There are 2 protein chains.
Amino acid sequence: MAKSYDQYCPVAHALDLVGERWSLLVVRELLEHGPLRYSDLHCRLDGCGTNILASRLRDLERGGVVRRRQLPPPAASTVYELTEYGNELRPVLHQLAHWGARSLGPPSSEDELQPGWLVGALRMAFPAQATEACIEFRIGEETATLDAGDVREEGAEQPDAVVEGDAAAFFRLVVDRDFDTVSIRGSKPAVRALLDTLPPWTAAPLPPVPEPVAAS
Amino acid sequence: MAKSYDQYCPVAHALDLVGERWSLLVVRELLEHGPLRYSDLHCRLDGCGTNILASRLRDLERGGVVRRRQLPPPAASTVYELTEYGNELRPVLHQLAHWGARSLGPPSSEDELQPGWLVGALRMAFPAQATEACIEFRIGEETATLDAGDVREEGAEQPDAVVEGDAAAFFRLVVDRDFDTVSIRGSKPAVRALLDTLPPWTAAPLPPVPEPVAAS
DNA sequence: CCGCATCCCCAAAGATACTG
DNA sequence: CAGTATCTTTGGGGATGCGG
């Protein structure tokens with residue numbers, strides 16, 4: 001565990017709890033997928049050494065963010081899950097994700113979007129009970145439904161609206177509120193209302209093209 | 001600069017930009033105090049080596065979060081300031097600060113609250129135009145005024161309300177919405193309205209007492 | 001196989017000194 | 001003042017081992 005910043009400051013203290021490398025990505029996984037086993041976490045977090053993951057899980061547990069639990073006998077295995085307190089990082093990661101998305105840009109060519117990404121993306125983009133409406137998304141190969149704040153895989157029976165397009169169009173919709181790149185059947189106002197729950201960027205319209213995306 | 005997480009994910013990308021040690025604290029300082037010189041940053045960030053600070057500033061500059069600028073001739077010196085994009089980290093740090101505050105707990109005994117902390121605390125707690133009202137805070141030795149979203153040092157002439165108490169009471173007010181530990185003169189509803197702009201914690205009532213606060 | 005602990009190597013962090 | 005240069009220490013990254 002790294003040294004504490006040792007300042008009486010909410011931000012510094014929060015970073016003492018979840019500011020280390022990989023910590024917030026562990027939280028992200030647990031937020032998106034619920035309780036996970038050690039190995040599931042390990043394979044999802046590519047590049048994170050097994051010792052590091054173990055260390056981070058210990059730290060997060062000590063910090064009251066994550067909790068270990070034994071699954072009931074049928075398939076007894078230990079899983080990691082967020083505590084109540086850890087769950088409240090959702091709005092933080094929500095904000096952070098929207099901030100990051102603006103300079104990340106849309107997926108270049110269906111990058112390595114893993115199967116099931118849409119469900120996680122919706123959960124991250126629209127936390128909690130963003131809307132009462134039932135909206136179905138058909139994005140690329142993926143289909144998911146946002147129903148009264150809950151996200152389900154697969155389509156809906158009586159959706160208020162159906163949003164269709166590719167991943168880049170979905171990106172533009174969520175990040176730039178650009179309606180023109182997706183096709184919307186059904187209640188357009190329902191979709192508009194949903195997007196109005198997103199964090200309103202105070203000013204600056206477009207991403208600053210931060211890096212040449214020089215991957216390691 | 002640390003290795004990129006190298007994932008197509010808004011959170012991972014955001015952490016590539018500001019996830020390294022000290023980075024978000026640099027942003028915090030610039031958010032609270034506006035443009036700062038290198039030395040000012042260095043002395044405010046106790047424990048951050050000069051080489052590290054230089055490195056972080058380079059990274060943040062490359063990431064489009066921070067910008068260098070030469071002050072006009074009278075007192076020509078170079079300062080660091082947030083870009084438009086960097087400024088939009090305010091809601092992120094706002095969320096993170098409120099999350100962290102819940103497990104940080106109130107200042108034990110007027111800890112090392114540096115002079116002027118109240119201004120920064122108000123700016124961090126109530127970002128942007130939280131309220132139209134003008135509310136004066138007299139907390140411990142400090143006095144500051146929140147006026148239509150702007151924070152000024154010193155009191156107001158015609159405040160809608162005056163909030164008075166010690167630092168711990170201020171903490172309880174902002175984190176727990178506990179009105180009983182401070183005294184409020186003037187428009188109580190104005191204060192209540194202000195607190196209603198804070199992030200509503202979904203459930204869990206109280207902090208989980210995460211650590212024995214074993215400082216390094 | 002799952003859940004780590006150990007080992008090794010190297011890249012950052014931390015501290016100090018020094019320079020344009 | 002605004003950093004760079006240098007040195008030591010610590011932690012990350014990758015592989016492997018090992019008990020349950």
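A note on names: the letters A, B, ... follow the listed sequences, proteins ahead of strands, and every chain is numbered from 1. Here the structure is a predicted model, which is why all the values come from computation and not from measurement.
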Kindly write out the residues that satisfy salt bridge (Lys or Arg N to Asp or Glu O under 4.0 Å) with [X], not counting sequence neighbours, or none if the list is empty.
X	answer
A:Glu142	none
A:Asp40	A:Arg37
B:Arg28	none
A:Arg138	A:Glu136

Hey, can you pull the donor-acceptor pairs under 3.5 Å for the side chains in residues 63-76 of chain B, sequence neighbours left out?
unit_1	atom_1	unit_2	atom_2	d
B:Arg67	NH1	B:Glu81	OE2	2.8
B:Arg68	NH1	B:Tyr80	OH	3.3
B:Arg69	NE	B:Glu81	OE1	3.2
B:Arg69	NE	B:Glu81	OE2	3.0
B:Arg69	NH2	B:Glu81	OE1	3.0

Does anything in residues 33-41 of chain A reach DNA chain D, meaning a heavy atom under 4.0 Å, and if so which residues?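 Going residue by residue through residues 33-41 of chain A, none turns out to have a heavy atom under 4.0 Å of DNA chain D.
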Take nucleotides 9-15 of chain D nucleotide by nucleotide from the 5' end and write B, S or -, depending on whether a protein heavy atom sits under 4.0 Å from the base, only from the sugar-phosphate, or from neither. --SSBBB
Within the distance-only criterion (no hydrogens, no angle test), does the side chain of A:Thr145 pair as donor or acceptor with the backbone N or O of A:Glu154 below 3.5 angstrom? yes
Report yes or no: does A:Ser4 contribute a side-chain atom to a donor-acceptor pair with the main-chain N or O of A:Asp6 at less than 3.5 Å? yes
Salt bridge (Lys or Arg N to Asp or Glu O under 4.0 Å) partners of residues 49-61 of chain B, not counting sequence neighbours, each pair once: B:Glu20-B:Arg56, B:Arg56-B:Asp59
Quick test of your reading: applying salt bridge (Lys or Arg N to Asp or Glu O under 4.0 Å), list the pairs with at least one residue in residues 113-128 of chain A, sequence neighbours left out, ordered by first then second residue.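 Non-adjacent pairs meeting salt bridge (Lys or Arg N to Asp or Glu O under 4.0 Å): zero.
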Strictly under 6.0 Å, is that where the ring centroids of B:Trp117 and A:Tyr8 end up? no
Not counting sequence neighbours, list each pair that qualifies as a ring-ring contact (aromatic ring centres under 6.0 Å, His included) and has a residue in residues 22-41 of chain A.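 Residue pairs passing ring-ring contact (aromatic ring centres under 6.0 Å, His included), neighbours aside: A:Trp22-B:Tyr5.
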First and last nucleotide of DNA chain C, 5' to 3', lying under 4.0 Å from heavy atoms of chain B: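 With heavy atoms of chain B under 4.0 Å away, the range is C:dA12 to C:dA17.
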Result of checking B:Val163, B:Leu118, B:Thr181 against B:Phe170 for side chain to side chain contact (heavy atoms under 4.5 Å, CB included): B:Leu118
Given axes from five pairs at either end, by how many degrees does the helix from C:dC1-D:dG20 to C:dG20-D:dC1 bend, rounded to 10°? 30°
